[in-house]
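Letters A, B, ... are given to chains in the order of the sequence lines, protein chains preceding strands, and every chain is numbered from 1. Just so it is clear, the values below take in all heavy atoms, side chains as well, and ignore hydrogens, waters and symmetry mates. Owing to the predicted nature of the structure, the values given are computational and were not obtained by experimental measurement.
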Protein chains: 2
Amino acid sequence: MLETTDAQADRSQITAPHRELLDEVLDKWSLQVLEELCEQPLRFNELRRAIPAVTQKSLTTTLRRLERNGMVERLVTSTRPVAVEYRITPLGTTLQDLIDALLGWTGANMAKVERARERFDAEA
Amino acid sequence: MLETTDAQADRSQITAPHRELLDEVLDKWSLQVLEELCEQPLRFNELRRAIPAVTQKSLTTTLRRLERNGMVERLVTSTRPVAVEYRITPLGTTLQDLIDALLGWTGANMAKVERARERFDAEA
DNA sequence: CGGAATCCTTTTCGATACTG
DNA sequence: CAGTATCGAAAAGGATTCCG
């Protein structure tokens, strides 16, 4: 049978909200921010230093989105110059294994990918 | 000690090429294309129909990138109107478990994320 | 059928300046 | 310190037209 059963079909039946969530949580900067915060809570400028390539604007956007999605929480200490600490939430930690798996995958397959790229670029 | 050992540090020591690869392979359309091709080889217009929201331009770009990275292969049959079939490569299939895990994660946590969003939007 | 080429609109982005 | 506001440049995306 070529037709899938209902039980088989549900794997490809991913709804748009699910994909949008992955987009928000797995993008370039989110991934790096989550990596850092999984290790330890950090303040805004500590994150900037930990991820040198990120601009202040992008970091703000990324943190707001992660906060909105419940991945990180923002703790404000009302001292003289305010101190803002970002830390991973329990929900955020559920992503850690997946992120590790993704990074593990790149580590394991990067060489093959680069050879594929060379082949592709060569024939063009 | 706050300093990480060399052994601990390598988890966060992800190089830029690794992240770029994830960006190319996990983006919005790539994810859906890989899902489809993991199930069965498809032709260009079959993919368009399987992913109604994608434009011809975006699909072309996505397929070229996946092909360049060795995730899919492009098979041209020189019939009268050419037939082009796309199929997942062995390297591409190594991503399937990760994609399934990602989709599983969204399924398991989507409700929590939506509640987090409501809380966040409410206090704003 | 499977695109490439073009045009145009729309996000996105970095840089800069300013604020509590 | 931790942002917001603004502006211009750059990149991405959609619609349309054309081609082997």
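- In this structure, A:Glu20 atom CD and C:dT11 atom P are separated by 14 Å, rounded to whole Å.
- For B:Asp27 and C:dT12, the CG to P distance is 14 Å, given to the nearest whole Å.
- Nearest-nucleotide positions on DNA chain D for A:Lys57 and A:Arg64 put A:Arg64 closer to the 5' end.
- Between the A:Ser30 side chain and the A:Glu24 main chain, a donor and an acceptor come within less than 3.5 Å of each other.
- Annotation: of the two residues near DNA chain C, B:Arg43 and A:Val82, the 5′-most nearest-nucleotide partner is B:Arg43.
- Counting heavy atoms from C-beta outward, B:Glu36 and B:Ile51 have side chains that approach closer than 4.5 Å.
- For the pair A:Phe44 CZ and C:dT19 C1', the interatomic distance rounds to 15 Å; values are reported in whole Å.
- Residues that satisfy the salt bridge (Lys or Arg N to Asp or Glu O under 4.0 Å) test with B:Arg87, not counting sequence neighbours, are B:Glu85.
- Within the structure, every side-chain polar atom (N or O) of B:Arg74 is placed at least 4.0 Å from both OP1 and OP2 of C:dG2.
- In summary, the side chains of A:Thr61 and A:Ser58 do not present any donor paired with an acceptor at a separation below 3.5 Å, with no hydrogens or angles considered.
- Side-chain proximity of B:Asn45 to D:dG13, C:dG2, D:dG3: nearest is C:dG2.
- Between A:Thr55 and the phosphate of C:dG14, there is a side-chain N or O to OP1/OP2 separation shorter than 4.0 Å.
- Distances from the side chain of B:Gln56 to the nucleotides C:dA4, C:dG2, C:dT16 place C:dA4 closest.
- Here the closest non-hydrogen pair linking A:Tyr86 and A:Leu37 is O-CD2, 3.5 Å.
- Rounding to whole angstrom units, CG of residue B:Leu59 and P of D:dG14 are separated by 12 Å.
- Using a 4.0 Å heavy-atom criterion, one finds that B:Arg48 contacts no nucleic acid atom at all.
- When distances are taken from the side chain of A:Val84 to each of D:dA2, D:dC1, C:dG3, the shortest belongs to D:dA2.
- In terms of phosphate contacts, B:Tyr86 brings no side-chain nitrogen or oxygen within less than 4.0 Å of OP1 or OP2 of C:dC1.
- Comparing B:Val54 and A:Leu63, the nucleotide of DNA chain D nearest to each residue sits closer to the 5' end for A:Leu63.
- Rounded to whole angstrom, the span from the CG atom of A:Leu75 across to the P atom of D:dG3 amounts to 12 Å.
- Between B:Pro81 and A:Pro81, the residue whose closest nucleotide on DNA chain C is further toward the 5' end is B:Pro81.
- Nucleic acid contact class of A:Ser58 (heavy atoms, under 4.0 Å, all strands): sugar-phosphate only.
- For B:Ile51 and D:dG14, the CD1 to P distance is 13 Å, given to the nearest whole Å.
- Going from atom CG of A:Leu42 over to atom P of D:dG3 covers 13 Å, rounded to whole Å.
- Atoms CD (B:Glu67) and C1' (C:dG3) sit 13 Å apart, rounded to a whole Å.
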